[in-house]
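Hydrogens, waters and symmetry mates are skipped; everything else that's a heavy atom, side chains included, is used. A, B, ... follow the sequence lines: proteins, then strands. Residue 1 opens every chain.
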Amino acid sequence: MDADKNAATRPSMKIGELAKTANISTRLIRYYEEQGLIESTRAANGYREYDPVLVDRVWQIRGLLEASIPVKIIRDILPFLDDPCDIHVTEASPELIAALEEQHEQMDQRVHFLTRNRDAIAAYLESIRGARHL
DNA sequence: TTTCTTACA
DNA sequence: TGTAAGTA
């Protein structure tokens with residue numbers, strides 16, 4: 001079924017390939033790994049090998065990071081993102097829960113902030129377009 | 001050629 | 001984060 005373009009979930013992607021596929025630098029990939037955000041195995045020659053599913057994982061990490069979520073928290077919720085069914089919730093410490101609630105609240109505020117500005121810009125654009133037609 | 005580690009800007 | 005150096 002998959003002869004050439006489907007190496008779906010096999011631990012074999014070199015850092016350069018992952019970088020190109022996920023559109024991030026190899027430098028950042030190594031950095032995420034240093035921070036314990038992603039894992040990799042090592043080939044006999046010492047080269048890192050990545051599971052192709054990390055392409056998505058990297059995007060999730062970027063999103064979380066861009067939302068200013070601390071690496072410490074990302075580390076804790078990443079395993080949950082892997083299998084949402086896994087019951088990490090049961091062992092979530094009060095500290096983690098508190099941190100996540102705070103982050104959630106902050107994200108909510110950002111969403112409102114962005115929404116408001118987006119609408120303001122949309123309205124401004126509208127008025128400009130209208131004026132242009134005069 | 002690609003990747004690795006370490007380190008500086 | 002990018003980039004340089006010296007390897008494997």
task = Please report, rounded to the nearest Å, how far the C1' atom of dT3(B) is from the CZ atom of Arg42(A).
result = 9 Å

query = Glu49(A) CD to dT3(B) P: how many Å, rounded?
reply = 12 Å

task = Give the B/S/- string for nucleotides 1-8 of chain C, one per nucleotide from 5' to 3', where a protein heavy atom under 4.0 Å of the base yields B, of only the sugar-phosphate yields S, and otherwise -.
result = BBB----B

message = With a 4.0 Å limit, can you tell me whether Arg30(A) has a side-chain N or O closer than that to the phosphate oxygens OP1/OP2 of dA7(B)?
response = no

ask   = Rounded to the nearest 0.5 Å, what separation is found between the CG atom of Leu78(A) and the CD atom of Glu39(A)?
value = 9.5 Å

inquiry  = Here's a test for you: under side chain to side chain contact (heavy atoms under 4.5 Å, CB included), which of Leu64(A), Ile69(A), Ile74(A), Asp108(A) qualifies with Gln103(A)?
reply    = Ile69(A)

inquiry  = Return the CZ to OH distance between Arg129(A) and Tyr124(A), rounded to the nearest 0.5 Å.
reply    = 11.5 Å

ask   = CD of Glu34(A) versus P of dC4(B): gap in Å, rounded?
value = 12 Å

key: Side-chain N or O of Arg48(A) closer than 4.0 Å to phosphate OP1/OP2 of dT3(B)   = no

request  = Once you apply the 3.5 Å cut-off to both distances, tell me the Watson-Crick or G-U wobble partner of dT2(B), or none.
outcome  = dA8(C)

Distance-only donor-acceptor pairs under 3.5 Å for side chains of residues 20-30 of chain A, two or more places apart:
unit_1, atom_1, unit_2, atom_2, d
Thr21(A), OG1, Glu17(A), O, 2.8
Ser25(A), OG, Leu28(A), N, 3.2

task = List the steps, then state whether side-chain hydrogen bond (donor to acceptor under 3.5 Å, both in side chains) holds for Ser68(A) with Gln106(A).
result = CA-CA 9 Å; Ser68(A) 297; Gln106(A) 283 178 33; over 6 Å; no

query = Linking I/L/V/M/F/W/Y whenever their side-chain heavy atoms sit closer than 4.5 Å, directly or via other members, would Val111(A) and Ile73(A) fall into one cluster?
reply = no

